[in-house]
Structures are given as C-alpha cells and as structure tokens.
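Owing to the predicted nature of the structure, the values given are computational and were not obtained by experimental measurement. Just follow the structure's listing: the first ligand is 1, and inside any ligand the first atom is 1. These values consider heavy atoms only, across backbone and side chains, with no hydrogens, waters or symmetry-generated copies.
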Amino acid sequence: MTEQPKRGLARNTANYGDRDFALYLRRSFAKSMGYSQAMLDRPVVGIVDTGSAYNNCHRTVPELIEAVKRGVLAAGGLPLPFPTISLCEPSLFPTSMHYRNLAALDTEAMLTAQPMDAAVLVGGCDKTVPAQLMAAASADIPAVQLVTGPMLATPFHGERLSACTDCRRYWAQYRAGNVSDERIAEIEGRLATTAGTCGVMGTASTMACIAETLGMVPLGHGSIPAVHADRLRAAEEAGMLAVRLIEAPVRPSEIITEHSVENALRVLLALGGSTNALIHLTAIAGRRDIRIDLDRLNALSDSTPVLVDLKPTGEGYMEDFHSAGGMPALLWELRDLLHLDTIDATGTPLAQRLAEPAFVDRRYIRPRAEPVSPVGGLVALFGSLAPRGAILKRSAATPALFETEARTVVFDGLEDLAARIDDPALDVTASDVLVLKNAGPLTPAGMPEAGYLPIPQKLARAGMKDMVRISDCRMSGTAFGTIVLHVTPEAAAGGPLALIESGDRIRLSVRERRLDLLVADDVLATRRAAWHPPATPKRGWDRLVAEQVLQADEGCDLAVLRAGG
Ligand code: FES
C-alpha cells in the first residue's frame with residue numbers, strides 16, 4: 001500500500017505497529033457512519049462541541065455547530081464535531097474555576113489525539129473560552145475561536161435587566177430589606193431571558209474581547225449577540241476560515257505572542273474588564289512561555305484609559321457595545337498604544353485590520369480625550385500582606401476607600417463567612433475591612449467568586465453600600481465594589497494572609513500600590529509556628545489540583561500543563 005498523505009483521517013493513526021492497517025481500520029469504521037470516499041478524502045476540521053443541558057450560556061451551540069459545518073463543507077473540508085467538557089458558571093460545585101484546567105486538558109488531548117487539520121472552538125461561558133485558548137495554545141494546531149455571544153437585556157419596569165450585575169444589585173437591595181420577597185422572585189425570571197453569555201462586561205464578554213484582540217476570534221465577531229442572525233453567519237465564516245487555515249496554516253503560537261498578549265492587557269484595562277480575565281490571560285500566555293508581570297500591568301494601567309462604558313462599572317450592556325462599534329472601534333481608538341504587527345488567524349497584521357476608522361457610538365465607546373477614567377480599570381498591589389501581588393478593580397471601586405488604614409474582621413473560610421456574616425452579634429463597624437482567607441486555588445473551595453463578600457446585614461440595613469474586602473479568591477466579572485482579590489501567596493500556601501486575625505490592622509494604598517499587614521514580626525512568627533497547611537485531598541481531580549495548581553500570578557494553571565511543564 002502506498003504512503004498516505006498525513007492530513008485528514010490519515011493524521012495520528014492509532015499505533016498498532018502497522019500504520020497502513022491502522023488507517024485502513026479507521027476508514028472502514030468511518031464508512032460505517034455513511035461517509036463517501038470523497039468525503040473521507042477531504043481535510044478534516046474538528047469542531048469542539050460544548051453544548052450541554054447544564055449550560056444555559058451554550059444553548060445555541062447545536063445551531064452554531066450546524067452553521068460551522070455548513071462553512072466547512074462549502075470550503076471543501078469534512079466537519080467532525082466532538083464533545084468536550086462544558087463549564088457553566090452557576091451550575092458547578094465548588095466553582096467552575098476548579099474545572100477550567102480539566103476542560104483545557106480534555107480539549108488539548110482531543111485536539112492532538114484525534115485526526116484533524118484545523119479546529120473551530122465553540123464556547124462562551126466564563127471558563128470555557130480560556131480553557132479552549134489554553135488548549136489551542138498548547139496543541140498548536142490551526143484554530144479559530146467561535147464564542148456563543150452575549151444575551152440580550154430585558155426591558156423591565158422602565159429599566160433593562162441582564163445577568164448578572166443586576167442580579168447582584170437587586171440581591172444587595174433585597175439583603176438590605178429594600179426589595180420584597182415577591183419582587184425578588186419576579187426579577188429572578190427577568191435577569192436572563194435569551195440564550196447567550198452574561199450581557200455585561202463580565203468575564204465571558206471580557207474573554208471574548210481578549211480572544212478578538214489576540215486574533216483567535218475574527219475582528220468584529222466577539223460581541224455579536226447570541227440570538228442575532230449575524231452570530232450564525234460568524235459561525236459559517238469560522239468554518240470556512242478553518243479550511244483556509246489548512247492550506248495556509250497560521251498556528252496559535254504565531255498569534256499568541258508577547259505583543260498580542262500585551263495588546264490584550266491593554267484592552268482588558270480599557271474595557272474596565274473582569275479581574276478573572278487577568279488570571280485566564282496569564283494562563284493562556286503561560287502555555288506559550290510568556291509571563292505577565294504585574295509591575296508591567298501597573299505601568300500599562302497608568303497609560304491606558306478606560307474607554308468602554310458598560311456595566312458592571314458603567315451603564316450599557318453588551319448589545320450596546322456591539323452596536324456602538326465593538327472591538328473594531330475600541331482597537332481603532334487605542335491603536336497608537338498597540339503593537340500593530342500582531343496577526344490573527346487569517347495571518348493579517350493588526351495594522352491592516354485597522355486600516356480604516358470603524359463606526360463608533362460615543363455613548364458606549366469614548367474618545368481618548370473623554371475617557372470614562374484616565375487610567376486603566378485594574379491595578380496590582382504589593383506589600384507584606386501580598387508579597388506576590390493582589391488585584392483591585394479600581395474602576396469598580398469607591399475612590400474614597402483607596403487610602404484606608406483600618407481594623408480587620410477576618411473569616412477563616414467560606415463556612416465561617418456564611419455562619420457569621422449576618423450574625424447581629426458580629427463585631428463589625430462601617431470603618432472595618434472584611435478579610436476572607438482559605439478560599440484560594442489550593443483549597444477545596446477552588447478559588448470561587450466569593451471575593452465580593454456581602455456587606456454584613458446590619459450594616460447593609462443601615463445603608464452601607466461598599467467597604468474594603470480582601471481575599472485570596474476571585475470575584476465575578478459582573479460584580480463591583482472595593483474588592484481586593486487574588487492575594488498571593490494564598491493562605492493555604494502559607495502566605496501572610498494565613499496569619500491575619502480579627503482585630504489586626506491593615507493599610508491599603510492604591511496610590512502607592514500597597515497592601516500591608518500592620519502586625520509586628522515577632523507576633524507573626526509566633527502565629528506561623530502554630531500554622532499547619534491544609535490536608536491534601538486523597539484522590540482524583542482534587543488531588544491533582546492540590547499537587548499541581550499554581551498561584552494566581554501564574555494563572556492558576558497546573559504546573560505540568562504550562563509550556564515546558
Ligand atoms: Fe455563563 Fe455568565 S454564567 S457567562
């Protein structure tokens with residue numbers, strides 16, 4: 001038998017010690033699915049299917065996949081969808097973050113093990129897109145990302161509602177006693193009324209914009225609403241592009257570079273985007289051996305204005321951002337701050353993609369001369385409480401709290417938080433700082449989005465809207481407040497956060513980028529001598545995470561999955 005071309009089904013044949021037989025067997029089994037020889041001779045586009053009855057954000061995945069298949073077939077390829085893990089933010093215990101690396105591992109393994117010449121990655125909800133980009137970066141096969149797109153906001157009593165900034169806003173009012181049981185139940189059914197990802201600049205939308213900036217999503221496609229017909233046309237185009245990538249390959253390693261990662265950081269800052277996106281971008285970059293330095297983040301933040309006026313920090317929703325011009329308009333506005341030599345999946349340099357000014361609606365995408373804020377949305381803090389850094393989304397915080405020295409009220413973990421936060425006897429005042437420890441990536445909690453600690457009910461009922469809250473976990477990209485997150489090293493890794501006790505004083509200075517624990521060294525030494533690391537889980541994924549997961553400043557990837565292992 002003659003040597004088969006190493007493309008399509010001839011790629012990655014099973015290893016029986018007889019490659020011709022392996023291909024013969026593969027073709028005969030493929031024929032049992034009714035494909036003609038002509039189809040089986042075509043180049044193969046694998047389509048990552050993350051549709052799941054557990055994932056509302058991926059409700060449209062079946063019709064998106066049909067549209068991708070149409071594009072692949074029209075361009076001369078054979079489309080082969082295959083399932084991978086689907087992660088829906090509110091559906092997973094203890095938190096979807098605990099499984100992001102599992103989804104990345106699953107996707108990378110299937111991209112490399114199965115025969116395909118290119119791939120279309122279909123995902124949308126918060127952790128899915130980062131997992132797919134991490135996988136593509138490691139597998140390094142030509143790939144296009146297709147996001148499911150954001151949901152539409154719902155008119156409601158003279159305002160609009162969408163997941164999930166409005167969920168948090170109304171829940172806070174309910175906790176404060178300002179919204180009735182009946183009203184909160186009615187709102188529950190109006191917050192997410194169409195298919196798609198959360199309708200604000202939360203993590204999913206931020207990651208879609210970052211994927212677009214990196215070049216893995218074609219420019220203009222990231223923010224198309226989930227239910228718009230253009231979303232299906234984008235899917236068809238993704239299928240066609242994947243086939244073109246087979247003839248003229250552009251690999252993720254050529255797209256995800258130091259320059260494109262820095263562009264993505266700029267965009268994250270200009271969006272006032274999700275804090276989670278920083279962890280995810282760090283993990284994606286880590287797959288290509290690119291390190292994100294938090295000092296560099298601060299330098300970029302000081303020279304990047306927030307230009308996008310969307311919830312959770314502003315007023316608009318994702319549909320407004322898209323109709324205001326979306327990423328083409330934002331990148332045009334930022335063009336002198338960007339590396340224009342970066343290429344996308346078509347191989348086109350950013351300079352060429354930004355050759356013409358894009359349409360822009362200034363209500364949602366501001367000009368540089370009139371920014372929402374003259375400096376970027378995120379800032380990294382360092383100090384004795386966070387030697388390797390912590391993150392504050394200053395665009396979502398209360399400036400009056402930026403320079404704070406205060407007494408702490410400390411919660412040992414999520415159970416302690418739930419047990420005591422609303423206790424009328426809790427010793428807490430309006431000038432205190434709330435601290436949550438033992439909720440970082442190494443803990444069984446898996447670094448949940450619990451950093452948005454609720455305001456203690458007795459303070460909320462007295463009208464308190466914000467206070468400084470510090471933790472080693474994350475917060476939802478849809479949340480707001482003076483929330484210091486990702487304290488690194490985390491408490492479970494023996495970071496200084498492990499030693500803090502209620503009544504200790506801390507000092508936060510956004511101006512100086514500092515977060516310090518004001519406790520004498522000898523006191524801390526005594527506490528450290530009494531500290532014990534948490535027990536390691538006995539088996540399974542939890543055990544692997546506990547042994548392998550990296551800290552927030554390294555993207556919380558598993559050590560073995562980073563470039564070079
Ligand atoms: Fe899926 Fe918000 S829950 S994007």
*Step by step, work out the side chain to side chain donor-acceptor pair (under 3.5 Å) result for S260 and T342.*
CA-CA 6 Å; S260 69; T342 58; over 6 Å; no
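In this structure, T148 and T197 have side chains that are in contact, with non-hydrogen atoms separated by less than 4.5 Å.
Protein residues lining ligand 1, listed by chain and number: C57, E89, P90, C125, D126, T197, C198, A204 [non-hydrogen atoms, distance under 4.0 Å].
For the pair R363 and E315, the salt-bridge criterion is not met [side-chain N within less than 4.0 Å of a carboxylate O]. Taking the charged nitrogens against the carboxylate oxygens, R233 and E236 have no contact shorter than 4.0 Å, which rules out a salt bridge. For D320 and R160, the salt-bridge test passes: some basic side-chain N is under 4.0 Å from an acidic carboxylate O. D166 has no carboxylate O lying under 4.0 Å from a charged side-chain N of R190, or vice versa, which leaves the two without a salt bridge.
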